[in-house]
Amino acid sequence: MQRSRVTPRLIGLVAVGASVVALAAGCSGKNQVPSIGYAVDVAIASYNGGSTLGASSGSPAVLGRVLTGFYYTGPDGQQVADTDVGTAKEVPGEAQTIQYRLNPDGVYSDGVPTSCDDLYLTWAARSGRFSKPGGGSLFDAASTAGYAAIERVECQPGSKDATVVFRPDRHYQYWRNLFTAGELMPAHVAARAANVPNVVTPLQSGDSGAVGRLADFWNTGWTLSSGLDVTKFPSSGPYRIESFSPTDGLVLVGNERWWGNKPETGRIVVYGKSADLGKKIGDGAVSVVDIGGESLKDVNLDGYSTRTVPGRGAEQLVLATGGVFGAVDARRGFALCVPRQELYNQVGRAKDLPATALGSGPLNSRTVQEDSLFYPAVTGAAKKYLNTDIPGATGALAAGKAAGQTIRIGYLGPDERRSRTVAMIAESCKAAGITVVDAGAADFTPSQLGEGKVDAVLGSTAAVPGPAGALSGIAATSALRTGNGLNFGRFGNGRYDSITDQLAADDNSTAQLNLLTEGENLLWAEMPSIPLFATPRTIAFADGLQNGLAGPTQAGSGWNMDRWVLKR
């Protein structure tokens with residue numbers, strides 16, 4: 001049965017214009033390849049893209065066509081409605097109200113129908129309202145943005161309808177970023193693991209024992225590991241998981257119960273960072289490549305159509321707010337010896353710059369992208385940190401009791417560009433009397449920052465190693481909000497939290513400008529992170545690959561993998 005979701009995806013494919021036509025014409029008389037390899041520089045770690053582990057390891061870039069949602073991130077970073085899943089519309093009400101209606105045909109690959117229980121669990125896990133006895137959230141959610149503003153979700157267990165009502169004093173203009181692809185989890189699996197009939201009843205009643213069991217499973221039960229039990233990982237999209245191993249990849253096959261358009265290719269093998277991407281590409285096992293620009297040493301992409309473009313993610317250093325960086329002067333001093341302009345010139349400038357301002361220079365904001373109309377007006381405070389000021393750095397480091405200290409910068413390796421980045425920072429900051437150590441590793445996770453194992457994380461938006469960022473900027477702002485899972489540096493500022501709430505509620509351009517300016521000034525003063533440049537992404541499609549469309553965003557170039565066709 002044909003579904004309307006194909007329409008926006010086909011509209012997106014039109015953007016490649018004559019190149020798609022030429023590829024299709026050039027493949028006449030060739031045979032379709034039954035399996036396509038997809039290399040993406042993430043650490044495939046969790047099925048749950050709404051958890052801290054899932055979001056920080058790049059789950060949305062891998063699982064968007066396995067776990068579908070009411071919206072998905074398109075190739076330009078915009079939110080696109082997925083009407084195969086259902087419909088979502090704002091309806092009149094005293095408080096902001098969204099009516100969700102799941103497709104009557106919607107069913108998971110294990111035969112259980114999709115239901116409002118899935119929305120209820122997602123909201124409960126990400127609302128921040130369930131706390132541990134000693135403090136802190138029961139659910140290890142990447143972010144509570146938007147979900148914390150919801151007062152209630154009206155849902156009869158098993159129903160296809162849900163009504164989401166926001167708090168009377170709150171408005172959330174980015175509601176299309178809620179219940180999205182990669183984050184809407186199968187509630188019936190969690191209910192089974194927690195030994196409850198459904199997730200809605202105990203969450204509504206506050207049954208502490210049942211809620212605790214649900215939280216335990218939500219946090220860790222969907223971790224991806226070799227020999228996984230596929231019954232815990234049912235799909236709501238055109239692909240389902242067949243198997244997984246860190247070295248042999250995540251094997252996705254067509255979901256026989258998918259009610260939308262059948263995927264064009266029946267098997268996709270996703271290779272993450274631990275699969276030795278350079279070798280996989282060299283062996284010819286990969287036909288789609290989505291990696292950081294110049295991150296793989298000596299990789300040969302002959303036989304591919306290749307571009308390196310600036311991504312929607314912000315390459316940045318996320319700093320600890322304890323240890324050597326416990327004092328704000330220490331963080332400012334470090335920022336003064338980081339050669340931001342030179343880093344952009346040497347490692348941050350993408351080869352294929354667009355006509356817009358994106359990627360045109362060092363990134364001077366953590367929350368606003370360079371092609372935003374607000375960008376020139378809100379980034380004045382960054383000028384002080386454009387080029388190095390070694391005397392200023394030396395003085396600030398001394399004032400922050402960081403003079404002569406060692407700073408460990410961690411990142412997911414191997415990564416040639418990030419290795420060069422750390423080396424350039426080390427050389428520059430040596431003059432300010434501090435030692436910078438490259439702590440990149442194949443098993444690195446951003447959580448090591450909060451654990452005190454490193455002093456800074458080098459990554460993209462929200463410390464994600466691979467594809468990151470979207471037009472809305474929700475991940476960027478929420479990654480610095482007090483207590484959020486992606487706030488690995490444990491930065492906390494009440495005024496910044498209020499600014500993010502107001503930005504999400506008020507779409508008046510003057511109010512937005514004032515709030516963004518205040519927010520950026522605050523962040524440059526407090527220095528919880530140091531933005532460097534728009535993360536360059538190298539995206540390559542093998543000769544004969546049809547319908548490939550670069551997606552330098554959090555959804556990666558696999559955003560439409562169910563439309564890929566390879567002919568040889």
Side-chain angles (χ1 to χ4, degrees), residues 15-20 22-23 38-42 58 61 75-77 273 277-278 280-282 286-316 339-364 369-372 375 386 411-425 458-461 464-471 531-543 545 548-559:
V16 287
S19 61
V20 167
L23 278 172
Y38 173 38
V40 59
D41 56 344
V42 299
D76 296 321
K273 193 85 168 179
L277 299 185
K280 293 293 183 185
I281 294 169
V286 170
S287 296
V288 179
V289 178
D290 188 345
I291 57 175
E294 299 184 3
S295 62
L296 281 183
K297 190 174 184 179
D298 301 326
V299 65
N300 184 353
L301 291 175
D302 291 343
Y304 291 80
S305 174
T306 306
R307 298 183 71 218
T308 299
V309 298
R312 287 284 167 195
E315 190 79 356
Q316 60 186 307
R340 294 176 62 247
Q341 179 68 59
E342 192 60 22
L343 284 170
Y344 169 77
N345 293 343
Q346 297 295 326
V347 298
R349 190 180 190 279
K351 294 177 181 176
D352 302 294
L353 289 176
T356 66
L358 190 68
S360 60
L363 184 61
N364 295 324
Q369 294 175 356
E370 291 165 287
D371 54 354
S372 165
Y375 183 81
L386 182 61
Y411 58 89
L412 182 64
D415 190 311
E416 185 69 13
R417 189 191 74 245
R418 287 175 175 154
S419 175
R420 289 181 61 199
T421 299
V422 175
M424 289 178 65
I425 294 170
L458 178 57
S460 194
T461 298
V464 172
L471 280 177
L532 302 176
F533 42 78
T535 307
R537 303 293 302 169
T538 293
I539 299 169
F541 300 103
D543 295 344
L545 193 287
L549 183 58
T553 74
Q554 63 190 8
S557 295
W559 70 276

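What you are looking at is a predicted structure, and each value in this text was computed from that prediction instead of being measured.
Rounding to the nearest 0.5 angstrom, the gap separating the OG atom in Ser557 from the OH atom in Tyr38 is 5.5 Å. To the nearest 0.5 angstrom, Asp290 atom CG is 8.0 Å from Phe541 atom CZ. To the nearest 0.5 Å, atoms CG (Leu386) and CD (Glu342) are separated by 11.0 Å.
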Derivation and outcome, side-chain contact (heavy atoms from CB on, under 4.5 Å), residues Asp41 and Arg537: CA-CA 10 Å; Asp41 56 344; Arg537 303 293 302 169; 2.8 Å; yes
Would Leu532 and Val347 count as a side-chain contact (heavy atoms from CB on, under 4.5 Å) if you check the C-alpha gap in whole Å, the side-chain angles of each, and the deciding distance to 0.1 Å? CA-CA 10 Å; Leu532 302 176; Val347 298; over 6 Å; no
Evaluate the criterion side-chain contact (heavy atoms from CB on, under 4.5 Å) for residue pair Asp371 and Arg312; output intermediate values, then yes/no. CA-CA 10 Å; Asp371 54 354; Arg312 287 284 167 195; 2.8 Å; yes
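Across Ile281 and Tyr304, no two heavy atoms sit closer than the pair CG2-OH, 3.9 Å. Shown here for Ser460 and Ala468, the closest heavy-atom pair between the two residues is OG-CB, 3.6 Å. Scanning both residues, Ser360 and Ala357, for their nearest heavy atoms gives OG-O, 2.7 Å. When all heavy atoms of Gln316 and Thr461 are compared, the closest pair comes out as NE2-CA, 3.3 Å. Here the closest non-hydrogen pair linking Thr306 and Ala540 is OG1-CB, 3.4 Å. In terms of heavy atoms, Ile291 sits closest to Ala39 at CG2-O, 4.4 Å.
In this structure, Arg340 has no salt bridge (charged side-chain N to carboxylate O under 4.0 Å, His left out) partners at least two apart in sequence or on a different chain. By the salt bridge (charged side-chain N to carboxylate O under 4.0 Å, His left out) test, Glu294 is found to be paired with Arg420, residues two or more places apart in sequence or in another chain being considered. In this structure Thr308 satisfies the side chain to side chain contact (heavy atoms under 4.5 Å, CB included) test together with Ala350, Lys351, Asp352, Pro536, Thr538, sequence neighbours excluded.
Side chain of Tyr344 to backbone of Ala534: no donor-acceptor contact under 3.5 angstrom is found. Side-chain atoms of Tyr375 come within 3.5 Å of backbone N or O of Asn364 as a donor-acceptor pair. With hydrogens and angles ignored, the 3.5 Å screen pairs no side-chain donor or acceptor of Ser295 with any backbone N or O of Glu416. Within the 3.5 Å criterion, the main-chain N or O of Ala470 finds a donor-acceptor partner in the side chain of Gln369. Judged purely by atom type and a 3.5 angstrom limit, Lys273 uses its side chain to pair as donor or acceptor with the backbone of Pro414. Of the possible donor and acceptor atoms, none in the side chain of Tyr411 sits under 3.5 Å from a partner among the backbone N and O of Arg418. A donor-acceptor pair under 3.5 Å links the side-chain atoms of Thr421 to the main chain of Arg417, judged by distance alone.
By the 4.5 Å heavy-atom criterion applied to side chains, Val42 and Pro467 are counted as neighbours.
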